[in-house]
Amino acid sequence: MPRDFPLEDIRNIGIIAHIDAGKTTVTERILYYTGRTYKIGEVHEGTAVMDWMEQERARGITITAAATTCYWREHRINIIDTPGHVDFTAEVERSLRVLDGGVVVFDAVAGVEAQSETVWRQADRYKVPRICYINKMDRIGANFSRTLSMIESRLTATPLPVQYPLAAEDRFQDVIDLVGNKAWRFNNDPDRGPEEIPIPEDAKAKASELRQALIAKLAENDDTMMVAYIEGEEVEPEELKRALRRVTLANQGVPVICGSALKNMGVQPLLDAIVDYLPSPLDVPPVEGIDTRKGEKITREADDAAPFSALAFKVVTDPFVGRLVYFRVYSGKVKVGAQVFNPTRDRHERIGRLLLMHANHREDVSAADTGAIVATLGLKNTFTGDTLCDASKSILLESIKFPEPVISIAIEPKTRADQDKMGDALQKLTEEDPTFKVTYNEDTGQTLVSGMGELHLEVIVSRLISEFRVGVKVGQPRVAYRETITAPVQAEGRFVRQTGGRGQYGHVNIKLEPLERGKGFEFADATRGGVIPRQFIPPVQTGIREAMETGVLAGYPVVDVKATLYDGSYHDVDSSEMAFKMAGSLALQQGVKKAGPILLEPIMKLEVVTPEQFLGDIIGDLNAKRGHVGKVDTQGEMYVVYCLIPLAESFGYATRLRSLTQGRATHSLEFHSYEPLPAEQTKEIIEKAVGKRYG
């Protein structure tokens with residue numbers, strides 16, 4: 001792939017939004033208008049190019065992030081269309097990690113929804129500049145101004161409307177272009193572009209006022225615009241564009257445009273906005289990493305001449321070509337057949353074929369240069385979040401952090417033949433999806449699969465059956481409880497074994513302290529005077545970690561604990577790494593029992609959108625399910641109920657809500673936090689786990 005596009009003319013962007021805001025429809029129109037496809041695919045007809053998986057077409061939703069490349073105004077745009085359902089949030093996380101810019105799509109009727117907030121926070125974390133596209137302006141209840149104020153209040157962002165619709169709902173057709181100081185008329189015909197029209201006389205005063213308001217907002221964050229604003233100068237369109245670009249790249253504002261992708265309205269201005277306002281690889285800070293030889297922080301400039309560095313962000317098992325690894329090149333270039341180094345695994349790998357992806361279609365290329373997003377075959381030991389680099393100039397890039405799964409189900413093969421196939425299929429699925437975990441319970445002999453929600457696991461099981469041809473039986477969903485401690489405590493772990501020959505001796509004293517929710521595990525070494533030799537400290541930590549995987553109350557993992565090793569003793573001959581590992585493990589178990597252990601349960605953030613007539617029934621039902629209703633907002637003629645509800649009480653809620661509201665209410669669920677489980681439920685869970693009365 002020769003450098004046919006200068007770096008400044010490349011845009012790596014993601015289309016992100018809440019489910020049903022119209023991301024895939026927007027992407028399909030972009031592909032049509034850029035000449036990438038010759039027929040518009042529709043989600044509701046199951047013909048969308050980007051929703052190529054059987055499960056996506058059956059459900060009409062995006063499940064896996066799909067990549068494609070298109071061209072507009074002599075710029076190359078690499079696009080990743082991401083899922084909107086919260087169960088597939090890992091796909092958004094990994095995509096945002098490697099993208100330079102984002103297009104956030106909002107439904108003009110619903111405005112900012114639950115998952116919109118989640119993806120916005122993810123983009124904030126990776127400092128991804130964004131533009132907003134307010135879609136579905138032709139729907140009944142569409143409200144551009146209300147969506148703008150929701151972006152400001154719920155996302156604490158600064159919206160910069162560069163367009164303003166002259167009407168909404170079924171009269172939506174004309175918009176004022178506040179940058180160019182003109183108006184555009186859209187039409188339904190996909191083969192006719194927007195037509196420039198004069199700003200209507202009755203809208204000129206409004207247009208002038210809105211343009212001044214835009215300049216005033218820009219002036220707050222841009223010095224050049226501040227001077228023009230104070231001196232009352234006329235701002236030229238090109239000058240305004242440059243200021244909008246500077247403010248967007250600095251993450252101090254988000255340009256907002258509107259349209260209706262399904263009716264082919266407003267997509268060309270969106271493409272223009274992507275080119276005009278979103279960053280090229282040269283506009284984002286150089287990627288940072290660790291020099292693996294010196295342990296120092298280093299950077300890599302976005303330059304073909306720099307040493308090669310890339311991040312693998314997705315692994316896919318393709319039924320036709322095998323194991324595909326998607327990666328983003330941050331610096332340098334790589335050719336087919338080149339040997340690269342994976343410092344994450346300390347392995348050398350050889351690049352097989354290099355493929356430019358268009359959803360599930362592949363185009364072979366000979367090389368990938370800086371800024372490219374490509375897939376490769378032949379990498380056996382590279383996984384999501386791994387770095388690939390030049391072996392002589394090794395760099396370890398920051399990996400990708402994923403949320404822990406919150407729900408489990410038991411699965412078992414139907415026949416002996418299915419048993420072998422199931423193990424292989426589950427391994428491939430865990431490689432593909434970092435939020436999907438598989439564990440084997442020795443006590444029950446069950447295989448447990450864990451994921452982010454009921455739909456996530458439903459899709460996994462469906463793929464096992466249809467894609468991997470494995471016959472499986474599925475058990476009831478299980479909640480991923482956690483255990484923690486409530487009081488600081490000191491504990492001793494002593495592992496002594498005397499046999500005929502050399503014995504085993506390990507002795508440690510540790511202090512356990514509870515940590516804040518979500519902090520995980522911390523280990524500190526406070527030993528003095530060599531009471532325990534240095535080489536035995538890491539095994540103590542390993543023993544504590546392993547013991548934390550099965551708690552003392554009901555066998556659930558222990559979390560949010562700080563362990564401080566402060567004393568111990570050793571034997572010159574009998575001490576070993578294994579003995580100290582066992583001592584650490586025994587100390588943790590003994591300490592947790594004395595430290596007021598409790599069970600924690602996952603709490604979900606639930607949003608229900610309902611007509612007023614069902615509001616009382618819904619709130620009553622949520623209260624009966626141990627839900628804590630926070631507030632109730634209005635959204636046009638609908639009401640939005642915000643609630644925190646235990647995951648255990650949310651199973652099958654979609655069906656329950658349908659029967660309560662005659663199918664007229666919708667809901668969204670996402671993980672919120674782990675909170676203490678009430679005593680009554682704790683007793684029940686422990687009885688089930690240990691098979692006897694508690695207390």
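Start at 1 with the first residue, then count along the sequence.
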For a side chain to side chain contact (heavy atoms under 4.5 Å, CB included) check, start with the C-alpha distance between N381 and N342, then their side-chain angles and the critical distance, and finish with the verdict. CA-CA 8 Å; N381 300 300; N342 178 342; 5.5 Å; no

Evaluation steps, salt bridge (charged side-chain N to carboxylate O under 4.0 Å, His left out), between D124 and R130: CA-CA 10 Å; D124 278 343; R130 280 143 274 178; 2.9 Å; yes

Residues in salt bridge (charged side-chain N to carboxylate O under 4.0 Å, His left out) contact with [X], at least two apart in sequence or another chain:
X	result
E93	R125
D222	R246
K519	none
R242	none

Got a donor-acceptor contact below 3.5 angstrom from the [X] side chain to the [Y] backbone?
X	Y	value
D107	G22	no
S331	A302	no
T376	I351	no
D560	G518	yes
E349	T382	yes
K314	L324	no
N135	A21	yes
N12	L99	no

Any cation-pi pair here, R328 with Y326, using under 6.0 Å and within 45°? no

Establish, for the pair R323 and F383, whether the NZ or CZ atom is under 6.0 angstrom from the six-membered ring centre and no further than 45 degrees off its axis. yes

Between D303 and T370, is there a side-chain heavy-atom distance shorter than 4.5 Å? no

Counting only heavy atoms not in [X], do more than 12 sit closer than 6.0 Å to its [atom1] atom?
X	atom1	value
D364	CG	yes
R347	CZ	no
Y229	OH	no
K437	NZ	yes

Look up atom [atom1] in [X] and atom [atom2] in [Y], then write down how far apart they are to the nearest 0.5 Å.
X	Y	atom1	atom2	value
R97	L397	CZ	CG	6.5 Å
F313	D386	CZ	CG	13.5 Å
L178	L210	CG	CG	5.5 Å
L270	I30	CG	CD1	5.0 Å
T24	R29	OG1	CZ	11.0 Å
S394	I298	OG	CD1	7.5 Å

Out of I80, I373, I79, L356, which one pairs with T68 under the side-chain contact (heavy atoms from CB on, under 4.5 Å) rule?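 Of the listed residues I80, I373, I79, L356, the side-chain contact (heavy atoms from CB on, under 4.5 Å) partner of T68 is I79.
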
Measure the acute angle between the ring planes of W120 and F106, then classify it against the limits of 30° and 60° as parallel, tilted or perpendicular. tilted

Between H348 and F341, how do the two ring planes meet: parallel, tilted or perpendicular, split at 30° and 60°?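 The rings of H348 and F341 sit tilted, inter-plane angle from 30° to 60°.
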
Could you report the tightest heavy-atom contact between Q268 and Y33, atom names first, then the distance? NE2-CE2, 3.5 Å

Hey, are R463 and E432 close enough for a salt bridge, meaning a charged N less than 4.0 Å from a carboxylate O? yes

Do R211 and E234 sit within salt-bridge range, that is, some charged N less than 4.0 Å from a carboxylate O? yes

N78 and I10: side chain to side chain contact (heavy atoms under 4.5 Å, CB included), yes or no, with the steps? CA-CA 8 Å; N78 297 320; I10 290 177; 4.2 Å; yes

Is there a side chain to side chain contact (heavy atoms under 4.5 Å, CB included) between T344 and L396 once you walk through the steps? CA-CA 7 Å; T344 317; L396 182 64; 3.5 Å; yes

Passes side chain to side chain contact (heavy atoms under 4.5 Å, CB included), R300 versus Y330? Steps please. CA-CA 7 Å; R300 286 275 188 271; Y330 283 100; 5.7 Å; no

Go through the steps to decide whether K136 and D20 satisfy the test salt bridge (charged side-chain N to carboxylate O under 4.0 Å, His left out), and finish with yes or no. CA-CA 10 Å; K136 305 190 180 184; D20 277 346; 5.7 Å; no

Using the test side chain to side chain contact (heavy atoms under 4.5 Å, CB included), find all partners of K127 that sit at least two apart in sequence or belong to another chain. N251

Quick note, salt bridge (Lys or Arg N to Asp or Glu O under 4.0 Å) partners involving residues 264-292, not counting sequence neighbours, are R73-D272, R73-D276, K241-D276, R245-D283, E288-K297

